[in-house]
J.: 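Here's a structure for you.
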Number of protein chains: 2
Amino acid sequence: MTIEIDGETEEEFLAAYEPRKYPPMAVNAEVALFTLRDQELFLLLIERRGHPHRGRYALPSWFMQPHESIEATARRALAEETSLALDPRHLEQLKTYSTPGRDPRDCKVRVTSVAHLAFMPDPGEPEPGTHARSAAFVPVDDLAGVTEGGTIELAFDHATIISDALERLAAKLEYTTVAAAFLPEQFTLAELRGIYESVWGTSLDPGNFTRKVTGVDGFVASVPARRKTGGRSAQLFTHGGAQWMLPPMLRPASTGSRRAATKR
Amino acid sequence: MTIEIDGETEEEFLAAYEPRKYPPMAVNAEVALFTLRDQELFLLLIERRGHPHRGRYALPSWFMQPHESIEATARRALAEETSLALDPRHLEQLKTYSTPGRDPRDCKVRVTSVAHLAFMPDPGEPEPGTHARSAAFVPVDDLAGVTEGGTIELAFDHATIISDALERLAAKLEYTTVAAAFLPEQFTLAELRGIYESVWGTSLDPGNFTRKVTGVDGFVASVPARRKTGGRSAQLFTHGGAQWMLPPMLRPASTGSRRAATKR
DNA sequence: GTAATAGTGTCTGTGAGACATTATGGC
DNA sequence: GCCATAATGTCTCACAGACACTATTAC
């Protein structure tokens with residue numbers, strides 16, 4: 001910090017202000033964008049075109065620009081890494097990762113990453129952007145370090161980030177209505193139940209699920225239309241606008257196949 | 001990014017790597033450290049000695065150093081800003097704040113702040129560190145922009161950060177056992193209940209509270225000692241080691257005096 | 001027809017909330 | 001004796017979980 005001069009105004013201070021000469025720092029936005037495809041949870045990954053970790057699969061990421069908030073950077077990461085206006089229905093900050101050395105570039109620039117959690121209805125296959133050799137939605141169950149038996153190795157500490165994102169996602173389904181953001185405008189309760197079942201790795205009783213979801217004020221609102229399914233035709237619903245589910249719908253004691261989270 | 005040269009190894013890449021010449025960036029750790037004093041929630045604030053926002057009350061904060069994780073920075077912020085080894089019993093990352101312009105220094109260095117939530121038993125009055133004119137625990141109810149009718153104006157966007165911290169704290173009491181981190185090694189259930197009542201701004205039924213807390217496996221463990229109180233002497237307990245409270249203890253529909261949070 | 005699913009109904013156990021009761025210590 | 005609080009007990013209601021049962025559609 002500069003030496004304080006009594007009586008100096010804030011304007012004078014800022015005009016004279018010289019930031020300390022540290023090794024350069026950079027702030028990164030990384031996005032874990034999930035979607036559901038055939039009742040299975042998929043995650044958007046890119047194959048890195050350049051170093052470090054060239055050729056490995058990684059979360060889309062971008063460096064924060066000087067006049068941009070980190071959330072704007074996260075949205076741009078999706079756009080730039082996939083040459084596709086992937087506009088997630090839900091995007092929230094997850095956590096900031098700053099362990100020294102987690103990015104090999106730390107020897108030249110210290111890279112701090114602000115990870116984000118996002119999800120949306122399946123937009124189909126994305127096109128790779130400038131930094132990516134390829135871009136694709138990959139089953140979460142295939143990721144090494146995330147799911148027991150997964151084989152796809154991930155760059156940086158992205159396996160940790162994805163595990164944290166999955167735990168946050170599973171927890172948010174309990175006490176919020178964000179599950180609807182995985183689905184198109186209109187959906188059946190069986191489709192909504194599929195979100196819960198895929199994320200939690202359990203099966204839920206259809207009857208009890210319907211009773212719970214329709215009983216929470218504003219979670220779902222029925223529309224005057226039905227959809228043919230394998231069995232009886234199903235009532236269609238929209239998201240009713242409520243953000244919170246009270247009381248929460250707690251996930252059953254875990255029997256899922258994914259690596260046990262540190263939580264519960 | 002550098003232009004990719006096929007066949008280049010990661011070592012060669014890193015040796016030649018030149019970070020882009022952006023305006024300088026800095027990453028900040030800020031800490032909202034709460035404690036309970038006379039059944040009232042207090043927050044550690046410093047009075048800023050230098051610009052910007054000189055003389056205003058602010059959260060203790062420190063710039064991240066090149067070889068330090070952000071959590072280490074947060075702990076150092078407490079040590080440096082208060083000349084006191086304030087070792088919080090609980091410290092966790094809250095959220096990263098990055099809106100351009102939230103710090104006036106953004107015109108020279110872009111400052112991104114990683115806010116933290118911490119709490120501990122009342123350590124008494126702290127001494128101010130080098131950047132602080134004074135340091136003190138201040139009642140949360142006196143803070144403008146946090147509590148309706150509060151008068152203490154806060155620097156930067158710290159009122160927002162503190163509100164977010166309070167909401168996180170209130171939520172964590174519901175489904176974790178962290179409330180014990182506000183208390184010394186041994187405590188009575190009335191003291192533990194006091195944490196919940198102060199944070200939630202409600203009163204709780206003592207009988208039901210005891211039944212719930214002692215019923216959660218590993219929340220509290222009784223020690224063979226009692227403490228004299230105003231009435232009958234009370235059994236002493238320790239934290240039993242459990243991290244999670246399942247099922248959660250939901251806070252009653254809010255009647256608290258604090259400004260309505262955006263949540264629930 | 002059969003199989004599969006939507007949607008409703010019923011029973012039961014758990015647990016939260018409200019409240020009463022008793023025990024124990026300070027004054 | 002009187003008051004405050006600890007600690008336990010009781011009753012009721014809400015709700016989750018288990019498991020019917022029926023209606024409707026695809027094949």
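Computed over heavy atoms, backbone and side chain alike; hydrogens, waters and symmetry mates excluded. Proteins come first, then strands; the chains are lettered A, B, ... in the order of their sequence lines, and each starts at number 1.
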J.: Just to be sure I understand the rule, does B:Arg226 reach a base, reach only the sugar-phosphate, or reach nothing, if contact means heavy atoms closer than 4.0 Å?
T.: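 It contacts sugar-phosphate atoms only.
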
J.: What contact category does A:Arg193 fall into here, base, sugar-phosphate, or nothing, at under 4.0 angstrom with non-hydrogen atoms?
T.: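 Here A:Arg193 touches the backbone only, sparing every base.
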
J.: Whole Å only: how far is the CZ atom of A:Phe187 from the P atom of C:dA6?
T.: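 That distance rounds to 14 Å.
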
J.: Nearest 0.5 Å, please: how far is CG in A:Leu59 from CG in A:Asp157?
T.: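 The distance works out to 9.0 Å.
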
J.: Side chain to side chain donor-acceptor pair (under 3.5 Å) for A:Ser233 and A:Arg226? Distances and angles first, verdict last.
T.: CA-CA 6 Å; A:Ser233 82; A:Arg226 302 180 69 80; 2.9 Å; yes

J.: Which is more 5' along DNA chain D, the nucleotide nearest A:Asp205 or the one nearest A:Lys228? Just name the residue.
T.: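 The 5'-side residue here is A:Asp205.
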
J.: Measure CG/A:Leu204 against P/D:dA18 and give the value in whole Å, please.
T.: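 In whole Å, D:dA18 P lies 10 Å from A:Leu204 CG.
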
J.: May I have the distance from B:Leu250 (atom CG) to D:dA14 (atom P), rounded to whole angstrom?
T.: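 Taking CG of B:Leu250 and P of D:dA14, I get 16 Å after rounding.
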
J.: So what does A:Ser233 touch, heavy atoms closer than 4.0 Å: a base, only the sugar-phosphate, or nothing?
T.: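 Result for A:Ser233 = sugar-phosphate.
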
J.: Is there side-chain contact between B:Thr238 and B:Glu185, with at least one heavy-atom pair below 4.5 Å?
T.: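 Of all side-chain heavy-atom pairs linking B:Glu185 with B:Thr238, at least one is under 4.5 Å.
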
J.: Under the 3.5 Å rule, do the base of C:dG26 and the side chain of B:Arg232 count as making a donor-acceptor pair?
T.: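 Flag unset: no donor-acceptor pair detected.
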
J.: Taking donor-acceptor contacts at under 3.5 Å, does the side chain of B:Arg211 reach the base of C:dG17?
T.: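 Pair found.
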
J.: Using a heavy-atom cut-off of 4.0 Å across all strands, would you classify B:Gly207 as base, sugar-phosphate, or nothing?
T.: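 Base, at least one base atom sits under 4.0 Å.
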
J.: Whole Å only: how far is the CZ atom of A:Arg227 from the C1' atom of C:dA6?
T.: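 One finds 14 Å between C1' of C:dA6 and CZ of A:Arg227, rounded.
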
J.: Considering only NZ, NE, NH1 and NH2 on the basic side and carboxylate oxygens on the acidic side, decide whether B:Glu174 and B:Lys212 come within less than 4.0 Å.
T.: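 Salt bridge between B:Glu174 and B:Lys212, a charged N being under 4.0 Å from a carboxylate O: no.
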
J.: Answer yes or no: does a side-chain N or O of B:Lys212 lie under 4.0 Å from OP1 or OP2 of C:dA16?
T.: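 Answer yes for this pair, as a side-chain N or O of B:Lys212 is under 4.0 Å from OP1 or OP2.
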
J.: Please examine the side chains of B:Val216 and B:Trp244, heavy atoms only from C-beta on, and report whether any two atoms are closer than 4.5 Å.
T.: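 No. Closest side-chain heavy atoms not under 4.5 Å.
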
J.: Return the value, rounded to whole Å, for the distance between atom CZ of A:Phe209 and atom C1' of D:dG17.
T.: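 Answer to the nearest Å: 15 Å.
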
J.: Can you find a donor-acceptor pair, distance only, under 3.5 Å between B:Asn208 side chain and C:dA18 base?
T.: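 For B:Asn208, whose side chain was compared with the base of C:dA18, there is a donor-acceptor pair (under 3.5 Å).
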
J.: Looking at C:dA16, I'd like to know if its phosphate oxygens (OP1 or OP2) sit under 4.0 Å from a side-chain N or O belonging to B:Arg251.
T.: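 No, B:Arg251 has no side-chain N/O under 4.0 Å of OP1/OP2 on C:dA16.
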
J.: Give the rounded distance in Å between these two atoms: CD of A:Gln235 and C1' of D:dA23.
T.: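 A:Gln235 atom CD is separated from D:dA23 atom C1' by 15 Å.
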
J.: What is the separation between atom CH2 on A:Trp200 and atom C1' on D:dG17, rounded to the nearest whole Å?
T.: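 To the nearest whole Å, that distance equals 14 Å.
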
J.: To the nearest Å, give me how far apart CD (B:Glu191) and C1' (D:dA7) are.
T.: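 Rounding to the nearest Å, CD of B:Glu191 and C1' of D:dA7 are 16 Å apart.
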
